[in-house]
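Hydrogens, waters and symmetry mates play no part in the numbers below; they use all other heavy atoms, side chains included.
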Amino acid sequence: QPFGLLLLILLIGLVTYDAALPMTVLPRRVERGVRCRIGISATSLTSFFSERPIRRFPFASPSSHASFAGPRLFTYETVVMPLKGARRGMGLQAAEVAESRAVGNYSGTVHIAKGKARLFYDGNPIIYPGAIQKEKMISENKEDCAGRLVNVLDHRGRDVGCGVYNPHSMYRVRMLSSVADRPSETSESGGQTGLVENGDEDQSDRVQIFKMVRSSILEALKVRQALGLPSKSNSAYRLLNGEGDGVSGLTVDVFHQRTGDNDSEKQGTVVVVMSAAYWVEYWKDVVLEALFSVGKEFGSEGIDIVWKKQNTALRKDGWPEQGENDSPREQELSETEAERRFTIFENGLKFWVDLESGQKTGFYLDQRDNRKVVRDLSAGKDVLDLFCYSGGFSIHAAAGGAKSVRGVDSSPGAIQLAKENALLNGLEDRVAFEKMDVFNFVNGIEDQSFDLVICDPPKFAPSRRDLPKATRRYIRLNSAVMKKIKPGGLLLTCTCSGAMSQTRGAFIDMLKSSAREAGRRITVIESRHAARDHLVHSSYPEGLYLTAVLVAVH
C-alpha cells in the first residue's frame, strides 16, 4: 500500500507539472553531431496508462510510427548539435522553431539539399544553386528578395545560419552568419546602430546586417592587431578580405596616410571599400555606417571612406547599371571626401597611393611579404622587375642593395608613379623604369643578363575555362624569362589567377614545362601566397588566388 500511494502521488505530480517536464536522462548516444536523449516523460507515462500513442518512439522505424497503436513508455528527443559550435538550449523542436523564426524575421527560407549541409556547418560562405533543395520566399517574385536576408536550414529543417539572397547570381546565398553567432541573439557586436527605427519593411534586415558587418569588422581588427598591423614600418593593411573574413563580396583596405613629405605631418586614415556583390551595393549605407561606427578602433580621430565598385563582378552578380550613383540609398549615407593621393609606409619604405588612377584599392597590398623577400635577396645583384606597376618590387630591390634594377610596364601612368616612388625614397639613381610591352622587352634583351627576375603578370585566367589558354601564355612568358637569368640565378614568378592557384600542382607543372622549353633546369626554393592579412577561409579554398614561386634557374 505505501508503495502504491507513493506511485500515485508521483503520477499526479508529473501530470500537473505539464508534459513539457524535462526528461530523466537515461543512456544517450552521439552520432554525427546529433545527440539523442532517451528517457521517461510525463507524456509517455500518461500515454502508457491511457493507451494513447505518442509521436516519437526510438525503438521503431519511421514507417511503423503510424501503424503501432499500442502504449509507448519511452520517448526521445533529438538535440541538434552542429559540427561547428551550436547554440546552447536548442531543444526538442529545434526544426519547428527555426522554421517559424525564418518566416517571422527573414525574407525567406533556403533549404540545403541532403548531404550538403555539413559544408555550411563548417563555415563555407557560398551556397550555389546546386546545393539547394528548395526556396520559400515571402514574395512570389523572387527578384523582390534580391539582397535581402534569408534563413538557411538543412533538408530536415534544422538551423544552419543566414545570408543574403540573390536570384540573379550563381552565388545564390552569401552566408553572413552561422547558427552559432546570429547577431540578433548575441550582444557582442554592441553599440548603437545609428539606424533609425522608421518602420520600413526592411528595417529588420538593416539592423541585422549592420550588426553582422560591424561584428566582422571588429573581429578582423583583432586578427590584424595580432599580426602586428598597422605598425611603424607598415601603415597600410587589408582589413576585410571577402570570404576570408566572412563578408563575401566585400573588400576593405585601410591606409594610414601622410599627405606630404614631412614624416612628422599629422596622419589621417583612409578606408577604401571595394564592392563586388549585389548585397554590398544594396546595403551600401549600412556598410558605411558599420565602418563609421568603429572609426575610433582604427587609431584615428576620424576616417575618410572611399567607395570603389568592381563593375565586372557586379554585372555578373546582377546589379543593375543605373549610372555612377546607383545605390538605392545613396542619398542617406555617402562616402567622405578623402585625399585622393597620399603616401604610406611598406616595410619601412614610402609609396604613393593614387586613388583616382590607381588599380583596385590604389595599392597592391597582397605582395607586401613577397616584396620583403626580394629586398632580402637583392644585395649585389642585377635585378629585373617585369610588370612592375608602381615599382614595389623594384624599390625594395634597390633598398636591399641591388647593383642595378630595371622595371618594365606597358602602362605610362604606372611608370610615372614608379619613378615618383623611387624619388620619394631617394633611389632614383639606382632604379631605371621603362614603358614597354613586357613580351617585346624580354625577347629583345641578351640571354643570361640578370641574377634575379621578378615576374608578376596580370590575371591570365579569369576562370577555369580559360586555364588551358592561360597556361600556354604563362609557359611562353616564363620560358622566355628563364633564358635571361644567369646560371644559378633566381626567379620569383607569380600568378594572380585563382584558377591556376587552386588547381593542385598546376603552377609548378607550368614552370617545369617552361624550363624544358627554355632548355634550363629549375629547383623550387619555396612557394608563397598573399600577405598574411589576406585571410583565406578554411572551408573556402577558392579564396586563394595569388601564388608566388621562388626557383633557382640552372
Less than 3.5 Å apart, any donor N or O on the side chain of His396 or Ser378 sitting next to an acceptor on the other?
no
Verify the distance criterion only: is there a donor paired with an acceptor across the side chains of Gln502 and Tyr545 at less than 3.5 Å?
no
Give the ring-plane orientation class for Tyr128 versus Tyr171, where under 30° counts as parallel, over 60° as perpendicular and anything between as tilted.
tilted
Would you please test Val551 and Ile525 for side-chain contact (heavy atoms from CB on, under 4.5 Å) and show each step?
CA-CA 5 Å; Val551 299; Ile525 298 172; 5.8 Å; no
More than 12 heavy atoms from other groups under 6.0 Å of NZ on Lys486
yes
Around atom CD of Glu542, are there more than 12 heavy atoms of other residues, nucleotides or ligands at under 6.0 Å?
yes
Ignoring hydrogens and angles, state whether a donor on the side chain of Gln367 or Asn370 is under 3.5 Å from an acceptor on the partner side chain.
yes
Under 3.5 Å side-chain donor-acceptor pair for Thr495 and Tyr474
yes
Do the side chain of His537 and the main chain of Gly123 share a donor and acceptor less than 3.5 angstrom apart?
yes
Could you tell me whether Lys512 and Asp509 make a salt bridge, using a distance below 4.0 angstrom between a side-chain N and a carboxylate O?
yes
Would you say Ser404 and Asp382 are linked by a side-chain donor-acceptor pair, where the criterion is simply a distance under 3.5 Å?
yes
Kindly check if the number of other-residue, nucleotide or ligand heavy atoms within 6.0 Å of CZ (Arg520) is above 12?
yes
Just by distance, with hydrogens left out, do Ser169 and Asp317 show a side-chain donor and acceptor under 3.5 Å apart?
yes
Heavy-atom side-chain contact between Leu386 and Asp456 under 4.5 Å:
no
What I want to check is whether the side chains of Arg464 and Thr503 have a donor and an acceptor closer together than 3.5 Å.
yes
Tell me yes or no: between the side chains of Asn478 and Thr493, is some donor less than 3.5 Å from an acceptor?
yes
For Lys419, look at atom NZ and say whether over 12 heavy atoms of other residues, nucleotides or ligands are found less than 6.0 Å away.
no
Would you say Ser390 and Tyr364 are linked by a side-chain donor-acceptor pair, where the criterion is simply a distance under 3.5 Å?
no
Assess, by modelled atom type and distance only, whether the side chains of Asp154 and His111 contain a donor and an acceptor separated by less than 3.5 Å.
no
Quick one: CG on Asp159 to OG on Ser178, what's the gap to the nearest 0.5 Å?
9.5 Å
Could you tell me if Ser479 and Ser514 have a donor-acceptor pair between their side chains, going purely by distance under 3.5 Å?
no
For the NZ atom on Lys484, are there more than 12 heavy atoms of other groups (residues, nucleotides or ligands in this structure) within a distance under 6.0 Å?
yes
Establish, for the pair Arg473 and Phe460, whether the NZ or CZ atom is under 6.0 angstrom from the six-membered ring centre and no further than 45 degrees off its axis.
yes
Heavy-atom neighbours of Lys116 NZ exceed 12 at 6.0 Å:
no
Do we see a donor-acceptor contact under 3.5 Å between the side chains of Asp385 and Ser394?
yes
Check for me whether Arg476 meets the cation-pi criterion with Phe439, that is, NZ or CZ under 6.0 Å from the six-membered ring centre and within 45 degrees of the ring axis.
yes
Under 3.5 Å, is there a donor-acceptor pair between the Glu281 and Trp307 side chains?
yes
